[in-house]
Amino acid sequence: MKEQYSQLFKELELKNNMKIKNRIVMAPMTNYASNEDGTVSDMEINYYTRRSGGVGIVVTACTYVTANGKGFPGEFAGDSDEMIPGLRRLAEAIQGQGAKAVLQIFHGGRSCPPELVHGDVVSASAVASAEQPDVLPRSLSDSEIEDIIRDFGETTRRAIEAGYDGVEIHGANGYLIQQFFSPHSNTREDRWGGSVDKRMAFPLAVVNEVKRVAAEHAKAPFMIGYRFSPEEATTPGITMDDTLKLVDTLADQGLDYLHVSLMDYRSKPREGADNSKTRLEWIVDAVQGRVPVIGVGSVHTPDEAVEVLQTGAELVALGRELIMEPDWVSKVADGRESEIKTTLSKQDQELLVIPDLLWHYIMERTGWFPVDA
């Protein structure tokens, strides 16, 4: 490989003594391919197997911890022990290619389509989202909140029993954990809402429960990550100032990594911090080396991946690029970076092992993926 890309292939040792073979992560991406009952499908196994070779960590698509937390059709479940055999198959498929397998766990909250949940759509407060303005969620009771916190712990136990190397708590992209942190979706006046510190109560409770369960059940090093979105477009909404307070707190929680969710790693703050630095640079500065940061967002070339590491992030995640180019890591390692594909053709589905519904969305959503005419 070229010398300027060697830093992408340096081993990273986490605080729990787990060693990651390189700095490249497969970002979590919904693939819409699970079986109707929430079990992992053969198509998903094939999709992940095709993309797990080379990367240091694979973070799976989000897995719902509670039946009323399902956010997408074709999403696999982690809400019952019946799911463990399928989850184990997926972990073994990823690990069989040499990567660490991390199960992303979440609850969709008010983002859940009503037809997918059992009962009410729920959230921190009865505030509809811009994406589903006609769906008014029901505000969760205190006891229901405690139940969901335990559900995050139970799904962590299942991940351990299924053989995963870790879990990633999904506190990003407008889902339930972010809904509790956001002043737009959380208007509560009890212990779960109010000031920015009180809006952290639910995210931190989930973190503590996941850590407790891991300490009790994991017999080997088990990584726990946390993903977050730095800003919201709504007013009121999460600002960079809010996020830097959250990041500063999370950095002291004994987590193994923090994973920012960005569409572009070069993006600048909208509100709450000046634009002298990118959002990623502000976050890395706030962390001050206390925990590894995963940078992400429109990373296609190895030069861009190196730029992410140069911000001080210890890891770089590839999302859409690994869908278009499953052999990205090996091509960089072999000095064949000029062969890396950064577009799709309409004939590529079978070659790239992309599930049917995901392929449909890729073809139909203009601007999501670069598709050759």
Side-chain angles (χ1 to χ4, degrees), residues 15 28 59 62 104-107 109-111 123-125 127 145 148-149 152 167-188 190-211 223-263 265 267-274 277-297 311-315 317:
K15 290 179 181 177
V59 184
C62 53
Q104 189 186 64
I105 55 177
F106 101 132
H107 188 297
R110 70 179 186 179
S111 298
S123 184
S125 301
V127 179
I145 292 169
I148 291 173
I149 292 166
F152 273 95
V167 294
E168 179 174 282
I169 300 165
H170 195 354
N173 300 359
Y175 301 126
L176 184 65
I177 294 176
Q178 181 174 325
Q179 288 162 31
F180 270 89
F181 185 57
S182 169
H184 180 269
S185 44
N186 185 348
T187 60
R188 304 178 73 99
D190 59 4
R191 63 180 175 137
W192 303 108
S195 67
V196 64
D197 289 333
K198 293 184 76 174
R199 285 185 277 113
M200 286 187 210
F202 180 73
L204 292 176
V206 171
V207 167
N208 287 333
E209 178 66 4
V210 169
K211 286 167 54 183
M223 73 178 100
I224 301 171
Y226 187 103
R227 197 171 203 211
F228 62 95
S229 295
E231 290 190 81
E232 290 180 319
T234 56
T235 302
I238 296 169
T239 66
M240 279 302 299
D241 183 58
D242 293 332
T243 288
L244 295 177
K245 291 174 182 174
L246 174 66
V247 166
D248 183 54
T249 301
L250 289 173
D252 289 330
Q253 301 305 306
L255 294 165
D256 294 293
Y257 68 79
L258 297 179
H259 188 178
V260 61
S261 180
L262 291 168
M263 284 299 292
Y265 72 92
S267 64
K268 300 288 185 71
R270 182 186 299 113
E271 185 180 349
D274 66 57
K277 293 184 283 194
T278 65
R279 289 167 168 149
L280 179 57
E281 287 170 329
W282 277 111
I283 289 161
V284 169
D285 287 353
V287 170
Q288 295 183 328
R290 288 172 285 171
V291 61
V293 173
I294 301 177
V296 71
T311 68
E314 285 86 352
L315 295 153

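Count residues from 1 along the sequence. Just so you know, these numbers use all the heavy atoms, side chains as well, and skip hydrogens, waters and symmetry mates. Here the structure is a predicted model, which is why all the values come from computation and not from measurement.
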| query | Taking all atoms of both residues into account, what is the closest heavy-atom pair of Ser229 and Ser261, and its distance? | reply | OG-CB, 3.8 Å
| Partner residues of Thr235 under the side chain to side chain contact (heavy atoms under 4.5 Å, CB included) criterion, sequence neighbours left out | none
| Got a sec, which residues hit side chain to side chain donor-acceptor pair (under 3.5 Å) with Arg199, two or more places apart in sequence or on another chain? | none
| Who pairs with Glu281 by side chain to side chain contact (heavy atoms under 4.5 Å, CB included), at least two apart in sequence or on another chain? | Lys277, Thr278, Thr311
| remark: Between the CD1 atom in Ile283 and the CD1 atom in Ile294, the distance rounded to the nearest 0.5 Å is 12.5 Å
| task | Report the C-alpha separation of Val206 and His107 in whole Å, then their side-chain angles, then the decisive distance to 0.1 Å, and conclude whether the side-chain contact (heavy atoms from CB on, under 4.5 Å) test is met. | result | CA-CA 11 Å; Val206 171; His107 188 297; over 6 Å; no
| Looking at residues at least two apart in the chain, or sitting in another chain, which of them share a side chain to side chain donor-acceptor pair (under 3.5 Å) with Tyr175? | none
| Can you check side-chain contact (heavy atoms from CB on, under 4.5 Å) on Val207 and Leu255, steps first, answer last? | CA-CA 8 Å; Val207 167; Leu255 294 165; 4.0 Å; yes
| query | So which heavy atom on Phe202 is nearest to which on Phe180, and how close? | reply | CD2-CD1, 3.5 Å
| field | Closest non-hydrogen atom pair, Val260 against Leu262 | value | CG2-CG, 3.7 Å
| message | Could you walk me through whether Phe228 and Gln178 satisfy the side-chain contact (heavy atoms from CB on, under 4.5 Å) test, starting with their C-alpha distance in whole Å, then the side-chain angles of each, then the deciding distance to 0.1 Å, before giving a yes or no? | response | CA-CA 8 Å; Phe228 62 95; Gln178 181 174 325; over 6 Å; no
| message | Rounded at 0.5 Å granularity, tell me how far CZ in Phe152 sits from CG in Asn208. | response | 13.5 Å
| field | Which atom of Ser123 lies closest to which atom of Leu176, heavy atoms considered | value | CA-CD1, 3.9 Å
| message | Using only atom types and a distance under 3.5 Å, with no angle test, would you say the side chain of Lys268 pairs donor to acceptor with the backbone of Asp274? | response | no
| request: State whether the side chain of Glu231 and the backbone N or O of Thr239 hold a donor-acceptor pair below 3.5 Å, judged by distance alone. | output: no
| query | Are Val167 and Gln104 close enough, and set up right, to give a side-chain contact (heavy atoms from CB on, under 4.5 Å), and what steps lead you there? | reply | CA-CA 5 Å; Val167 294; Gln104 189 186 64; over 6 Å; no
| Are the side chain of Ser125 and the backbone of Val127 linked by a donor-acceptor contact shorter than 3.5 Å? | no
| task | With sequence neighbours excluded, tell me which residues meet side chain to side chain donor-acceptor pair (under 3.5 Å) with Lys245. | result | Asp241
| query | If only atom types and distance count, is the side chain of Gln179 paired as donor or acceptor with the main-chain N or O of Gly174 below 3.5 Å? | reply | yes
| request: List for me each residue that meets side chain to side chain donor-acceptor pair (under 3.5 Å) alongside Tyr226, sequence neighbours excluded, and say none if there are none. | output: none
| task | Check Trp192 against Ile149 and note the closest heavy-atom contact, atom names and distance. | result | CH2-CD1, 3.8 Å
| task | Give, for atom CG of Leu258 and atom CG of Leu315, the distance between the pair rounded to the nearest 0.5 Å. | result | 11.0 Å
| query | To the nearest 0.5 Å, what is the distance between CD1 (Ile177) and NE2 (His170)? | reply | 9.0 Å
| Are any non-hydrogen side-chain atoms of Arg188 and Ile145 less than 4.5 angstrom apart? | yes
| When Tyr257 is tested against each of Arg227, Lys15, Glu168 for side-chain hydrogen bond (donor to acceptor under 3.5 Å, both in side chains), which residue passes? | Glu168
| Residue pair His184 / Glu232, side-chain donor-acceptor N/O under 3.5 Å | no
| query | What distance do Asp252 atom CG and Gln288 atom CD have between them, rounded to the nearest 0.5 Å? | reply | 9.5 Å
| task | Flag the pair Arg290 / Asp248 as yes when at least one side-chain heavy-atom distance between them is below 4.5 Å, and no otherwise. | result | yes
| query | Which atom names give the shortest non-hydrogen contact between Asp256 and Pro292, and what distance separates them? | reply | O-CD, 3.2 Å
